[in-house]
Amino acid sequence: MAERQRALVTGGAGFLGSHLCERLLGEGLDVVCMDNLITGSLANIEHLFGRDGFVFVEHDVTNFIHVAGRLDHVLHFASPASPIDYLKLPIQTLKVGSLGTHKALGLAKSKGARFLLASTSECYGDPLVHPQPESYWGNVNPVGPRGVYDEAKRFAEAITMAYHRHHGLDTRIVRIFNTYGPRMRAGDGRVVPTFICQALDGEPLTVFGDGLQTRSFCYVDDLIDGIWRLLNSDHTDPVNIGNPAEMTVLDFAKEIIRVLGSKSRIVFRELPVNDPKVRQPDITLARRVLGWAPEVTLADGLAPTIEYFRHHR
Ligand code: UDP
């Protein structure tokens, strides 16, 4: 019988990392989950402890990473990922995207493992092309408050391609667009948990700016499926994974109030600096090379997400 494959997931106790660990275990892989728990949480992976083939290692991946034994895949998901997290943790955000990616690449190279980088739609910044195809180079302010995340991820893509071209490392890059689902952190400031928690508590929903900026929300199961397909493909250039169903933040607030039958009002607050005005993935490439498209509607994705926040806020 073939030996089981073994994957390292950095940031494995985070929102996406924990869902990814679960999927990999479900696919029959052994999983080493690594996290320094600054934004991740053991509660996200509690249910995986004791599962055959699952181990957790507490470690900051900006320092040398040691993993004993074989590794077939290194999936680098460690990073603060919500605007308020990376504003609070600017240096850690820059370090994990740069030094952490370097360490994770070095580990993949030494093990002969395939490397997958969790990149982001923030590579496109406040985009001047809409929707955003992978061929668009972006409109990022390097010295603005979001620059610490955007530029770290852009560096991470550059060093990943350098390892691919120069060392022949087998690499994949996924550009992740706004994703939601259970295990987001209630206080992480992102629009989905914030609006759901505010509506559940009867508090006003805080819409930033005029609320006419747009986002496109992908349910976590769809996203993880796209990542799994990318990992198993041979496509080494970046691939957008996200849901093209675009809506304004104001319409999203109204939708949350409607779905919850909430009595909450909407209040308007100042727009954060460099907040992208539009965002929608062009997923032509993912459809073509991965045969992937999102399947979960907003209504079907919101139901389990709301249920989660009833008990986790
Ligand atoms: N937003 C909002 N109210 C909130 C939190 C966020 O109106 O309480 C807006 C934010 O300004 C942005 C969008 O919702 O335009 C998505 O913000 P999020 O922090 O979820 O992530 P981003 O897509 O900006 O990285």
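Not measured: the values here are computed from a predicted model.
- Here Y86 sits in one hydrophobic cluster together with L94, V148, Y149; the rule is ILVMFWY side chains under 4.5 Å apart, joined directly or through other members.
- Between E157 and S119, the closest heavy-atom pair is OE2-OG, 2.5 Å.
- In this structure, H59 places its NE2 atom where more than 12 heavy-atom neighbours from other residues, nucleotides or ligands lie under 6.0 Å away.
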Are Q132 and S121 close enough, and set up right, to give a side-chain hydrogen bond (donor to acceptor under 3.5 Å, both in side chains), and what steps lead you there? CA-CA 8 Å; Q132 294 78 54; S121 56; over 6 Å; no

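- No side-chain donor-acceptor contact under 3.5 Å links R185 to the backbone of G40.
- In summary, the aromatic rings of F217 and F252 are positioned with their centroids under 6.0 Å apart.
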Atom pairs and distances, side-chain donor-acceptor, residues 46-54, under 3.5 Å, sequence neighbours left out:
| residue | atom | partner | partner atom | Å |
| --- | --- | --- | --- | --- |
| H47 | NE2 | E22 | OE1 | 2.8 |
| H47 | NE2 | R183 | NH2 | 3.3 |

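- In this structure, the side chain of D35 does not engage the main chain of E58 through any donor-acceptor pair within 3.5 Å.
- More than 12 heavy atoms of other shown residues, nucleotides or ligands fall within 6.0 angstrom of atom CD in E27.
- Contact of the V61 side chain with the N36 side chain is not registered, since no non-hydrogen atoms from C-beta on lie closer than 4.5 Å.
- By the 4.0 Å N-to-carboxylate-O rule, R279 lies too far from E246 to be salt-bridged with it.
- In terms of heavy-atom proximity, P145 sits nearest to N274 at CD-OD1, 4.0 Å.
- By the 4.5 Å heavy-atom criterion applied to side chains, L24 and L75 are counted as neighbours.
- No side-chain donor from either of S264 and E203 sits under 3.5 Å from a side-chain acceptor of the other.
- By the 6.0 Å contact criterion, NZ on K95 is open, its count of non-hydrogen atoms from other residues, nucleotides or ligands being 12 or less.
- Across P276 and R215, no two heavy atoms sit closer than the pair O-NH1, 2.9 Å.
- H73 contributes no side-chain N or O that, together with a main-chain N or O of Q5, makes up a donor-acceptor pair within less than 3.5 Å.
- Salt-bridge annotation for E255 and R258: present, with a side-chain N of the basic residue lying under 4.0 Å from a carboxylate O of the acidic one.
- Annotation: R165, atom CZ; neighbour count of heavy atoms from other residues, nucleotides and ligands within 6.0 Å does not exceed 12.
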Could you go step by step and tell me if S79 and K153 meet the side chain to side chain contact (heavy atoms under 4.5 Å, CB included) rule? CA-CA 9 Å; S79 179; K153 288 291 189 183; 4.0 Å; yes

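- Inspection of the Y124 and R175 side chains reveals an N or O donor paired with an N or O acceptor under 3.5 Å.
- Summarising the hydrophobic clusters (Ile, Leu, Val, Met, Phe, Trp, Tyr; side-chain heavy atoms under 4.5 Å, direct or chained), the residues clustered with W137 are none.
- In this structure, I256 and I196 have side chains that are in contact, with non-hydrogen atoms separated by less than 4.5 Å.
- Considering only residues two or more places apart in sequence or on other chains, R146 meets the salt bridge (charged side-chain N to carboxylate O under 4.0 Å, His left out) condition with E122, D275.
- Nearest heavy-atom pair, L285 versus H235, reported as atom, atom and distance to 0.1 Å: CD2-NE2, 3.7 Å.
- Residues L107 and L8 form a side-chain contact, since some pair of their non-hydrogen atoms from C-beta on lies under 4.5 Å apart.
- Enclosure of atom NE2 in H311 by more than 12 non-hydrogen atoms of other residues, nucleotides or ligands within 6.0 angstrom is indicated.
- Its side chain outside the 4.5 Å cluster rule for every partner, L212 clusters with none of the Ile, Leu, Val, Met, Phe, Trp and Tyr residues.
- For the residue pair Q280 / S216, no side-chain donor-acceptor distance below 3.5 Å is found, with atom types taken as modelled.
- Side-chain contact between D188 and P193 is present, with heavy atoms from C-beta onward closer than 4.5 Å.
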Under the salt bridge (charged side-chain N to carboxylate O under 4.0 Å, His left out) rule, what do D170 and R114 come out as? Steps first, then yes or no, please. CA-CA 5 Å; D170 192 16; R114 181 170 290 180; 2.6 Å; yes

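- Within the 4.5 Å cutoff, side-chain heavy atoms of M161 are placed close to those of I173.
- For residues 274-309, every residue pair satisfying the ring-ring contact (aromatic ring centres under 6.0 Å, His included) rule, not counting sequence neighbours, is listed here: Y308-H312.
- The existence of a salt bridge linking K111 and D72 is excluded, since no basic side-chain nitrogen approaches an acidic carboxylate oxygen closer than 4.0 Å.
- Checked for salt-bridge contact, D225 and R23 meet the test: a charged N lies under 4.0 Å from a carboxylate O.
- Judged purely by distance below 3.5 Å, without hydrogens or angles, the side chains of N139 and D126 never pair a donor atom with an acceptor atom.
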